[in-house]
Amino acid sequence: MVGTNLKAESMGLMEKRSALEAEMNAVIERLTQPGGPGISGNLLDSEGFPRHDIDIPTVRAERRRLAELRNDHKEITEKLNENIQVLHSARLAPKSSSLRDSDDQSASVVDVVASASSTNVHSDSTNAMDVDVIVRVPFALVDEIADASPAGEDGLQLGDQIVKFGNVEIGDNLLQRLASEAQTNQGHGIPVILVRQGAQVNLTVTPRTWQGRGLLGCHFRIL
């Protein structure tokens with residue numbers, strides 16, 4: 001019964017998270033349109049007056065909504081992570097004749113969550129390594145990409161959610177670690193694991209000098 005309840009709850013959480021991601025991407029796209037203020041751009045002109053080329057109340061409302069969505073997304077992801085770990089623990093528990101049915105049910109629940117979490121995880125071959133991939137959660141969102149930047153040319157897109165950037169995964173001091181990873185690997189490809197529209201994508205991004213600022217030409221928003 002517990003497994004069944006966790007399965008239903010987890011699938012519901014994944015649907016909610018997908019809906020949140022879709023709305024987040026829509027907000028980001030509106031804010032980052034050509035001439036737009038971006039996710040955190042200044043709303044004042046060079047003389048300190050409110051910009052006349054944008055609807056400031058709307059922009060502020062959009063930014064507030066984006067912050068709310070990110071908080072909700074973080075809470076759902078943490079809960080989903082907890083559920084998957086419980087399901088995986090139940091699957092790995094020693095089997096006996098009296099527990100076999102409940103263990104098999106837990107295994108099927110993990111498989112269902114796995115297939116819904118990543119297109120690279122198959123329900124008939126879930127193992128410890130697969131679950132390790134599943135429980136990884138995105139820690140940053142690509143919310144700005146400059147034209148002709150290394151990030152854009154190497155395949156990063158607005159709304160991509162970064163799961164792993166070289167050796168950087170979820171944890172503390174993420175912005176500093178991301179910057180350090182890019183600087184350390186200037187001119188060398190960095191493997192990137194990300195989630196795009198619910199699917200896992202693997203890319204290689206090479207930090208390098210270009211006509212714009214930085215080595216990547218994109219901005220990461222920590223989730």
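Note that these values count all heavy atoms, side chains included, but never hydrogens, waters or copies made by symmetry.
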What's the separation between atom [atom1] in [X] and atom [atom2] in [Y], rounded to the nearest 0.5 Å?
{"X": "Thr58", "Y": "Arg60", "atom1": "OG1", "atom2": "CZ", "value": "11.0 Å"}
{"X": "Leu174", "Y": "Ile162", "atom1": "CG", "atom2": "CD1", "value": "11.5 Å"}
{"X": "Glu23", "Y": "Ser18", "atom1": "CD", "atom2": "OG", "value": "13.0 Å"}
{"X": "Glu75", "Y": "Lys16", "atom1": "CD", "atom2": "NZ", "value": "11.5 Å"}
{"X": "Ile54", "Y": "Gln33", "atom1": "CD1", "atom2": "CD", "value": "12.0 Å"}

Contact check, side chains of [X] and [Y], non-hydrogen atoms, under 4.5 Å:
{"X": "Ile28", "Y": "Arg221", "answer": "no"}
{"X": "Pro37", "Y": "Asn42", "answer": "no"}
{"X": "Leu158", "Y": "Thr32", "answer": "yes"}

Any ring pair (Phe, Tyr, Trp, His ring centres under 6.0 Å) involving residues 140-178? Give me the pairs, sequence neighbours left out, ordered by first then second residue.
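Of all non-adjacent pairs touching residues 140-178, those that pass ring pair (Phe, Tyr, Trp, His ring centres under 6.0 Å) are Phe165-Phe220.
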Going by ring pair (Phe, Tyr, Trp, His ring centres under 6.0 Å), name the pairs with one or both residues in residues 46-73, residues two or more places apart or in two chains.
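Residue pairs passing ring pair (Phe, Tyr, Trp, His ring centres under 6.0 Å), neighbours aside: none found.
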Determine which pairs satisfy salt bridge (charged side-chain N to carboxylate O under 4.0 Å, His left out) with at least one residue from residues 191-220, sequence neighbours left out, and list them in order.
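Every salt bridge (charged side-chain N to carboxylate O under 4.0 Å, His left out) pair that includes a residue of residues 191-220, provided the two are not neighbours, is Glu153-Arg208, Asp154-Arg208, Asp160-Arg196.
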Please list, one pair per line, the donor and acceptor atoms closer than 3.5 Å that link side chains of residues 142-151 to other protein atoms, with sequence neighbours excluded.
| residue | atom | partner | partner atom | Å |
| --- | --- | --- | --- | --- |
| Asp143 | OD1 | His219 | ND1 | 2.8 |
| Asp143 | OD2 | His219 | ND1 | 3.4 |
| Ser149 | OG | Ala146 | O | 2.8 |
| Ser149 | OG | Gly152 | N | 3.1 |

Testing the basics here: between [X] and [Y], what is the closest heavy-atom pair and its distance to 0.1 Å?
{"X": "Pro207", "Y": "Leu216", "answer": "CA-CD2, 3.9 Å"}
{"X": "Leu69", "Y": "Met24", "answer": "CB-CG, 3.5 Å"}
{"X": "Gly159", "Y": "Leu141", "answer": "O-CD1, 3.3 Å"}

[X] (side chain) donor-acceptor with [Y] (main chain) under 3.5 angstrom:
{"X": "Arg63", "Y": "Gly38", "result": "yes"}
{"X": "Arg17", "Y": "Ile76", "result": "no"}
{"X": "Asn173", "Y": "Gln176", "result": "no"}

Would you call Glu62 and Arg65 a salt bridge, using N to O less than 4.0 angstrom?
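Salt bridge flag = no for Arg65 with Glu62.
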Assess the residue pair Arg51 and Leu44 against the criterion (side-chain contact (heavy atoms from CB on, under 4.5 Å)); give the C-alpha distance rounded to whole Å, side-chain angles, the decisive distance to 0.1 Å, and a yes or no.
CA-CA 5 Å; Arg51 290 174 55 178; Leu44 304 178; 5.6 Å; no
Only counting residues at least two apart or in another chain, list the ones meeting ring-ring contact (aromatic ring centres under 6.0 Å, His included) with Phe139.
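Counting only residues at least two positions away or on another chain, Phe139 forms no ring-ring contact (aromatic ring centres under 6.0 Å, His included).
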Going only through I, L, V, M, F, W and Y residues with side-chain contacts under 4.5 Å, is there a path from Leu203 to Val168?
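Yes: a chain of side-chain contacts under 4.5 Å links Leu203 to Val168.
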Using a 6.0 Å cut-off, check whether atom CD of Glu78 has over 12 heavy atoms from anything other than its own residue.
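Yes - once you tally the heavy atoms of other residues, nucleotides and ligands closer than 6.0 Å, there are more than 12.
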Can you list, pair by pair, the side-chain donor-acceptor contacts under 3.5 Å of residues 180-195, counting residues two or more places apart and other chains?
| residue | atom | partner | partner atom | Å |
| --- | --- | --- | --- | --- |
| Glu181 | OE2 | Asn167 | N | 3.1 |
| Thr184 | OG1 | Ser180 | O | 2.8 |
| Asn185 | ND2 | Glu181 | O | 2.8 |

